[in-house]
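Worksheet: one structure, shown below.
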2 protein chains.
Amino acid sequence: MKPRRQAPLSEQIVDILQGHFTDGTYPPGSQLPSEAELADAYGVSRATIRSALAQLAADGAVKRRHGVGTFVSKSTQIANPLNEVIDYHDLITDQGFEFGFQHLEAEITQPAPEIATALKIDADSSVFEVHKAFTADGELLIYTTNVIPEWVYKEHISDEEILKPDSTEPLFFEFLANRCQQPIDYYIATVRPEIAQNITFVGDIAPVDPLLPVLVIEEVGYNAQEKPVLYEVECLFGHRMTFELVRRLRIAIR
Amino acid sequence: MKPRRQAPLSEQIVDILQGHFTDGTYPPGSQLPSEAELADAYGVSRATIRSALAQLAADGAVKRRHGVGTFVSKSTQIANPLNEVIDYHDLITDQGFEFGFQHLEAEITQPAPEIATALKIDADSSVFEVHKAFTADGELLIYTTNVIPEWVYKEHISDEEILKPDSTEPLFFEFLANRCQQPIDYYIATVRPEIAQNITFVGDIAPVDPLLPVLVIEEVGYNAQEKPVLYEVECLFGHRMTFELVRRLRIAIR
DNA sequence: CAGTGGTCTAGACCACATG
DNA sequence: ATGTGGTCTAGACCACTGG
């Protein structure tokens with residue numbers, strides 16, 4: 001599946017350096033050689049080195065200080081970056097729980113007006129809607145609703161086929177990429193807290209403590225052409241997992 | 001205070017182009033001139049144009065498609081990006097509410113063990129701790145706790161001075177930058193949902209509905225040397241404001 | 001002052017999408 | 001085949017930091 005064409009030089013450098021961050025050559029906090037030295041060592045131009053270092057800096061793997069040098073970051077990896085899409089399976093198994101998955105209900109229906117607006121489709125067009133649950137050691141951890149417009153799947157899957165419980169993969173973005181040829185480029189999400197008793201479930205689901213805190217992520221997924229492809233609500237129950245985030249200030253300091 | 005030295009060319013280009021996105025020259029969805037044309041038009045090298053466009057692409061202002069062109073993003077600005085630090089004042093007034101601020105309590109004390117660990121200080125060293133509340137139309141919207149180690153303020157402000165209610169500015173990162181010469185470079189935050197009844201308040205505060213959902217952001221602020229400078233908890237009550245976030249998938253699709 | 005990263009140039013070639 | 005963005009080079013000069 002991968003033609004495996006040669007990766008760009010700058011990315012090769014990124015990989016090499018990242019390797020050296022973990023193999024002890026450049027431990028956290030240490031200073032890297034200067035750009036000129038790196039360029040010389042790897043036989044590339046300084047611009048290429050700069051490109052690699054810029055990428056590492058954007059990822060937070062190194063810190064650059066003008067007039068001083070480039071340093072390996074100390075506080076490197078963060079746990080479950082909220083600004084990246086969550087792989088529920090890894091999320092649950094990484095914390096030592098047993099992963100469980102439940103297909104609750106699927107239907108073809110008309111979208112609610114807000115959803116039609118968000119997906120930029122007519123309110124009287126059809127959408128496919130599916131509800132799923134993910135459990136950790138049998139306990140409800142995540143409840144999701146996914147809605148896609150008809151045009152997204154129509155040419156690839158029949159209405160009959162898509163309604164089958166095992167038709168859509170647990171991770172919906174994989175289903176969209178693999179089965180609908182509509183990979184998602186990015187999501188725009190809103191995040192809010194909620195209480196379990198305010199969540200309405202579709203499908204047969206074990207009851208949860210009505211006072212459980214819930215993190216609700218409501219988002220629209222767009223393809224590379226910025227066309228809305230997916231409306232999704234994720235409800236994450238309780239505190240059994242936490243999400244992290246790097247925040248920066250873009251505000252000018254008075 | 002600003003020597004106002006000339007901004008880099010690439011940033012000037014960024015500003016110019018951003019202006020054209022809103023003045024109708026390049027409306028959302030439209031295609032920009034090619035890199036070569038832009039370089040020619042502004043009398044700079046193609047590398048400079050590329051640098052500007054890369055910055056715009058990173059901000060989400062444009063979309064680049066290899067072999068096709070550069071396009072102005074349609075779904076551009078998002079409301080209250082959760083991955084940027086919040087200016088409470090703007091947050092509240094932007095939504096038409098009246099901004100209110102309350103200094104609740106300040107003290108010099110010993111840190112809890114988790115906090116000492118997070119700040120990388122000894123558990124028996126001193127910290128300054130302050131609690132504040134922000135209201136919208138008089139209703140509690142945000143409750144914050146800020147903790148800084150002694151070394152951060154010691155050389156700039158006396159213990160006596162810092163305990164005065166109007167000593168620290170409402171926005172704590174401004175206080176750190178302006179009064180302590182310790183600007184914060186970035187925060188590492190954990191986000192979780194909570195219920196108001198589980199929040200313990202310090203200081204005199206009007207009671208809130210115990211079942212109100214709360215978004216809790218617990219974070220450590222680091223300076224440019226990656227040294228922890230600030231421990232902070234922000235509790236955001238209810239749904240009167242929402243936070244948005246761009247999410248991407250870095251997971252390989254199977 | 002020396003050494004670092006930051007900006008910029010002019011030119012070359014490659015990879016991709018489209019007609 | 002054409003035009004686009006993606007990668008890379010070699011060299012120059014500037015701006016910041018620290019001894």
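Computed from a predicted structure; not experimentally measured. Chain naming here is simple, since letters A, B, ... match the order of the sequence lines and numbering starts at 1 in each.
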Problem - Distance-only donor-acceptor check, side chains A:Ser45 and A:Thr48, under 3.5 Å - result: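 There is such a pair (donor and acceptor under 3.5 Å, judged by atom type) between the side chains of A:Ser45 and A:Thr48.
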
Handout entry: Any donor-acceptor N or O pair under 3.5 Å, side chains A:Glu218, A:Tyr231
Key =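 Note: A:Glu218 and A:Tyr231 side chains meet the donor-acceptor criterion.
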
Whole Å only: how far is the [atom1] atom of [X] from the [atom2] atom of [N]?
X       : N      : atom1 : atom2 : answer
A:Arg50 : D:dC13 : CZ    : C1'   : 14 Å
A:Leu53 : D:dT7  : CG    : C1'   : 16 Å
B:His66 : D:dG6  : NE2   : P     : 6 Å
B:Arg65 : C:dT18 : CZ    : P     : 7 Å
A:Lys63 : D:dT17 : NZ    : C1'   : 17 Å

Practice task
Would you indicate, yes or no, if D:dG6 has its OP1 or OP2 atom less than 4.0 angstrom from a side-chain nitrogen or oxygen of B:Arg64?
Solution key: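 Indeed, a polar side-chain atom of B:Arg64 lies that close.
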
Handout entry: OP1 or OP2 of D:dT4 under 4.0 Å from side-chain N/O of B:Thr70
Key =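 For D:dT4, neither OP1 nor OP2 has a side-chain N or O of B:Thr70 closer than 4.0 Å.
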
Practice task
Name the residue closer to the 5' end of DNA chain D, choosing between A:Ser10 and A:Gly67 according to the nucleotide with the nearest heavy atom.
Solution key: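 This one resolves to A:Ser10.
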
Exercise for the section: On the 0 to 90° scale, with breaks at 30° and 60°, tag the B:Phe134-B:Tyr88 ring pair as parallel, tilted or perpendicular. Expected result: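 Geometry flag for B:Tyr88 against B:Phe134: tilted rings.
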
With the criterion being N/O to N/O and under 3.5 Å, what pairs connect the protein with nucleotides 9-12 of chain D, and how long is each?
residue	atom	partner	partner atom	Å
D:dT9	OP2	A:Ser45	N	2.8
D:dT9	OP2	A:Ser45	OG	2.8
D:dT9	OP2	A:Thr48	OG1	2.3
D:dA12	N6	A:Arg46	NH1	3.2

Once you round to the nearest 0.5 Å, how far does [atom1] of [X] lie from [atom2] of [Y]?
X        : Y        : atom1 : atom2 : value
B:His89  : B:Asp94  : NE2   : CG    : 9.5 Å
A:Thr109 : A:Phe128 : OG1   : CZ    : 11.5 Å
A:Glu150 : A:Leu119 : CD    : CG    : 13.0 Å
A:Tyr187 : A:Tyr222 : OH    : OH    : 12.5 Å

Practice task
Using a cut-off of strictly less than 4.0 Å between a heavy atom of the residue and any atom of DNA chain C, enumerate the qualifying residues of residues 27-42 of chain B by number.
Solution key: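 Contacting residues: none.
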
Practice task
Tell me which nucleotide among D:dG5, D:dC16, C:dC8 gets nearest to the side chain of B:Pro8.
Solution key: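 The answer is C:dC8, which lies nearest to the side chain.
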
Exercise for the section: Give a yes or no on whether B:Lys154 atom NZ has more than 12 heavy-atom contacts from other residues, nucleotides or ligands under 6.0 Å away. Expected result: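 Open.
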
Practice task
Answer yes or no for B:Arg64 and B:Phe71: cation-pi contact, defined as NZ/CZ to six-membered ring centre under 6.0 Å and angle to ring axis within 45°.
Solution key: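 The answer is no; the distance or angle limit is not met.
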
